[in-house]
Amino acid sequence: ILVAGTPCSGKTTLINSNSGWRNSLNANSVREKLPDKPFGLSTVIHYDNLRPFKRNLNRYSSSDDTFLQLLEKQSNIQIITVLAPLRTQLTRLQERKKRLIKKSTPQSRLDKIDRVIGLYQNPSLFMKIFDQWLTYCQNLQTVSHHINFNTNQSTYTQPINTLSSKELEKFVRTEMF
């Protein structure tokens, strides 16, 4: 199971709310824990959709990302892409940044957060990256792909093939500036 989404979309909350998923792996540590092996049937991976962009790769490509190399070797992948309105993600990320500043977090990490804040303030660019993610997922050996819509009030999940790109964009832009 691949739980994917941008920072502060609700990936960790979704994983923590499912008691059977407590032992999830972060995509950053998968290579060390499961080198070149198929993932187990109950493996839950926490994946930041902006991972390639934070690394200045600007695309989803297994030639640039060792985690994606490993993911592309898998079969029967279940993807849950977590999506929240940009306003909600922006507020959550700004709150996270305040907490990290109090902890004397290195400036380089705060700079990365500022770049993501800039992305959340640019809905067109956000949707371009999100569309790239959906296109990338179409080429994986998936058994299902669902969108988990996450707001501060509720969450609900729908199969990706029942949604249009206009519906997704409308949700993302909900409560926009």
Shortest non-hydrogen contact between L163 and F149, atoms and distance: CD1-CZ, 3.7 Å

Check this for me: R109, atom CZ, are more than 12 non-hydrogen atoms of other residues, nucleotides or ligands nearer than 6.0 Å? no

Is I147 close to F171 at the side-chain level, that is, under 4.5 Å between some pair of heavy atoms? no

Closest non-hydrogen atom pair, Q89 against C8: CG-O, 3.6 Å

Mind checking the CG-CG spacing from D65 to L70? Nearest 0.5 Å is all I need. 10.0 Å

Considering only heavy atoms from C-beta outward, does the side chain of F53 approach that of L119 to under 4.5 Å? no

So, do T151 and P85 sit near enough that their side-chain heavy atoms are less than 4.5 Å apart? yes

Closest heavy-atom contact between P7 and D48? CD-OD1, 3.3 Å

OG1 on T91 to CG on L86, rounded to 0.5 Å: 10.5 Å

Does the pair I129 and N49 meet the rule for a side-chain contact (heavy atoms from CB on, under 4.5 Å), with working shown? CA-CA 9 Å; I129 291 170; N49 283 56; 5.8 Å; no

Can you tell me if K11 uses its side chain to pair, donor with acceptor, with the backbone of H46 under 3.5 Å? no

When rounded to the nearest 0.5 angstrom, what is the spacing between CG in D131 and CG in L168? 8.0 Å

Do V143 and V44 sit in one hydrophobic cluster, given that two such residues count as connected whenever their side-chain heavy atoms are within less than 4.5 Å of each other, even indirectly? no

List the atom of G10, the atom of R92, and the distance in Å for their closest heavy-atom pair. N-NH1, 3.9 Å

Side-chain atoms of residues 96-108: list all donor-acceptor pairs with protein atoms under 3.5 Å, sequence neighbours left out, distances to 0.1 Å.
from	atom 1	to	atom 2	distance (Å)
K97	NZ	D114	OD1	2.5
K97	NZ	D114	OD2	3.3
T105	OG1	L100	O	2.6
Q107	NE2	D111	OD1	2.8

Pairs satisfying side chain to side chain donor-acceptor pair (under 3.5 Å), at least one member in residues 134-145, at least two apart: E72-Y136, T81-H145

Using side-chain heavy atoms (C-beta onward) and a distance below 4.5 Å, is S124 in contact with E169? no

Atom CD of Q74 and atom OG1 of T43: how far apart are they, to the nearest 0.5 Å? 8.0 Å

As a test of understanding, state which of I45, I1, V3 forms a side chain to side chain contact (heavy atoms under 4.5 Å, CB included) with I15. V3

Let me confirm one number: the OG-NZ distance from S165 to K170, rounded to the nearest 0.5 Å. 13.5 Å

Might you work through the side-chain contact (heavy atoms from CB on, under 4.5 Å) test for L71 and Y47, ending with a clear yes or no? CA-CA 11 Å; L71 182 64; Y47 183 75; over 6 Å; no

Distance-only donor-acceptor check, side chains N150 and T155, under 3.5 Å: no

Which heavy atom of S9 sits nearest a heavy atom of A84, and at what distance? O-CB, 3.8 Å

Minimum heavy-atom separation for H146 and T157, please, with both atom names. CB-CG2, 3.4 Å

